[in-house]
2 protein chains.
Amino acid sequence: MNPAKAGPASEKTDGSASEKADGPVPEKTGGPVPEKTGGPARPYHHGDLRRAILGAALDVIAAEGPSAVSLRDLARRAGVSHAAPAHHFKDRVGLLTAIAAEGFGLLATALDDAGDLRDAGVRYVRFAREHPAHFQVMFAPELLRANDLELTTARTLAGGRLRAAVSAVPAEGRGPDARLAGIAAWSLAHGFATLLISHNLDGQVGGQDPDEVFHDLTGMLFRPEQP
Amino acid sequence: MNPAKAGPASEKTDGSASEKADGPVPEKTGGPVPEKTGGPARPYHHGDLRRAILGAALDVIAAEGPSAVSLRDLARRAGVSHAAPAHHFKDRVGLLTAIAAEGFGLLATALDDAGDLRDAGVRYVRFAREHPAHFQVMFAPELLRANDLELTTARTLAGGRLRAAVSAVPAEGRGPDARLAGIAAWSLAHGFATLLISHNLDGQVGGQDPDEVFHDLTGMLFRPEQP
DNA sequence: GTGCAATCTTGTCAGTGTCAAGTTGTGCGG
DNA sequence: CCGCACAACTTGACACTGACAAGATTGCAC
């Protein structure tokens, strides 16, 4: 996308792949990979190219946003040809959709055993901090294939976890309208998370633990009794 | 960005410019642009190209997100050559930065004569609904030139309006920590606005007036007394 | 009028997504 | 053990994009 910052292929073909992906170099099972002999350095089959592309994409998104991902760049990072990613993700939208679906899955498991609504909110914010790339893509519908099956099922699963956390709040604590309480809780958590990972709260929160700050924030919603 | 959906240039050169920009096409003679006749159909100078490009960009962003804006596409919509936009905005980042700066200016004036914090929140959300393109770009720092002077001054101005609204809340109503109250209010409004314009609340809010919903939401923060 | 600066055009280059067709490796039935 | 279908990857091509450079046109101060 930005030709000025992308050097020639030779500069980027070194093994600077994501640390998250567990080893972009296949190393299948001690296979006969010629180490540095004159032949081709990498085997024809990558081993886990899909995971490597995902990991590299997450790195790029976390650092420069979703619009900075380039399939060709990811291919270079993984040390494969420029069209290899398409075989796993169909196209750019397919890659981002896969990331979003994975994100909703991760969010669902993060919310899995939340104690109460306040705990769910803290987990929501923590998820956004720990998986900022996923989080950004999950809520950017114009980048996604809306009717993708994996995406919709994962999103439904995560949505169910959220709704469960809201309905667990005792009725006298959440005001007259449960629907409204859900929107309020989601808005507060989502807004805090969004502002946090876009560095719009850097001046306000300072060095304090964001989890703690948000915990205090939730005290301003849903207070059945005054302390 | 997506060549598959973009036809040849001749298909997009028709006068489908933004309706928001007041007269992007000069229409010197009022006649339609002749396809292949020798005479130049449009004058050399556009008249208000900067505004036309901005308007077209806002249309595209509102419809397909910031990643869908293409300087060449905007030039086509305005009926100018592919390099004309660069003269006004330097590059793509410059265009988006100008949009963000304009957005913070609009937000500042929208917050100008807000009554109380609740009113400021309602105006914040209304701004996001009425200027979704501006809003999206304003909080996507990776798309912007961070040290742009116009941007930083406009942002500071809007930030001041927000802080003023928070500090106008009586101390006993906002809890022990004014800073925390500000973060809470901003998070709630920002989260609601973000979820709203990304259509993540379509099922929840239904046909209800979003302003009203958010007004009710704010009642769950900052309640000095029980009703 | 003349000169100048702002505005816009034309041309070019490297980078990108996507499709099509070919190549290489893997696993499986026989 | 063998061949073969299929998955994984490569090569090549095309239309598109952002950015830059150099030239053409216009409005405007003087």
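Here is the naming used below: chain letters follow the sequence lines, and residue numbers restart at 1 for every chain.
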> Return the nearest nucleotide to the side chain of A:L71; candidates are C:dT18, D:dC9, C:dT10.
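Of C:dT18, D:dC9, C:dT10, C:dT18 is nearest to the side chain of A:L71.
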> Tell me the interatomic distance from A:D73, atom CG, to C:dA14, atom P, rounded to whole angstroms.
19 Å
> Calculate the interatomic distance between A:R72 atom CZ and D:dT17 atom P; express it in whole Å.
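For the pair A:R72 CZ and D:dT17 P, the rounded distance is 16 Å.
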> Any idea which of C:dC8, D:dT10, C:dG17 is nearest the B:H88 side chain?
C:dC8
> In the structure I gave you, are the side-chain heavy atoms of A:L54 and A:F89 within less than 4.5 Å of one another anywhere?
yes
> Ignoring hydrogens and angles, tell me if any N or O in the side chain of A:R145 forms a donor-acceptor pair with the backbone of A:V93 under 3.5 Å.
no
> Considering only C:dG17, D:dT10, C:dT9, which nucleotide approaches the side chain of A:R92 most closely?
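In terms of side-chain proximity for A:R92, the closest of C:dG17, D:dT10, C:dT9 is C:dG17.
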> Can you tell which of C:dC8, C:dC19, D:dC9 lies closest to the side chain of B:S81?
C:dC8
> Can you measure B:D48 atom CG to C:dC8 atom C1' for me and round it to whole angstrom units?
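After rounding, the gap between these two atoms is 15 Å.
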> Under 4.0 Å, counting only non-hydrogen atoms across every strand here, what does A:A83 touch: a base, just sugar-phosphate, or nothing?
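Answer is base: heavy atoms of A:A83 come under 4.0 Å of a base.
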> Rounded to the Å, how far apart are B:K90 NZ and C:dT7 P?
15 Å
> Nearest heavy-atom pair of B:L58 and B:I99: which atoms, and what distance?
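In terms of heavy atoms, the two residues are closest at CD2-CG2, 3.8 Å.
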> Closer than 4.0 Å, any side-chain N/O of A:S70 to the OP1 or OP2 of C:dG17?
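Affirmative; the distance criterion is met.
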> Nearest whole angstrom, please: distance from the P of D:dA21 to the CG of B:D91.
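Rounded to the whole Å, the gap is 13 Å.
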> In this structure, how many angstroms lie between the P atom of D:dA8 and the CD1 atom of A:I53, rounded?
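Rounded to the whole Å, the gap is 13 Å.
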> For B:A128 versus B:A193, what's the shortest heavy-atom pair and its separation?
CB-CB, 3.6 Å
> Of all the choices, D:dG18, C:dT16, C:dT9, which nucleotide is nearest to the side chain of A:R76 once you look at every atom?
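Within the option list, the nearest is C:dT16.
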> Between atom NE2 in A:H82 and atom P in C:dA14, what is the gap in whole Å?
17 Å
> Expressed as a whole number of angstroms, how long is the span from A:L74:CG to C:dT18:P?
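Rounded to whole Å, this separation is 12 Å.
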> When you compare the side chain of A:D148 with that of A:R155, does any pair of heavy atoms fall below 4.5 Å?
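A side-chain contact is absent here, since even the closest heavy-atom pair is not under 4.5 Å.
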> Return the nearest nucleotide to the side chain of A:H87; candidates are D:dA7, D:dT11, C:dG17.
D:dA7
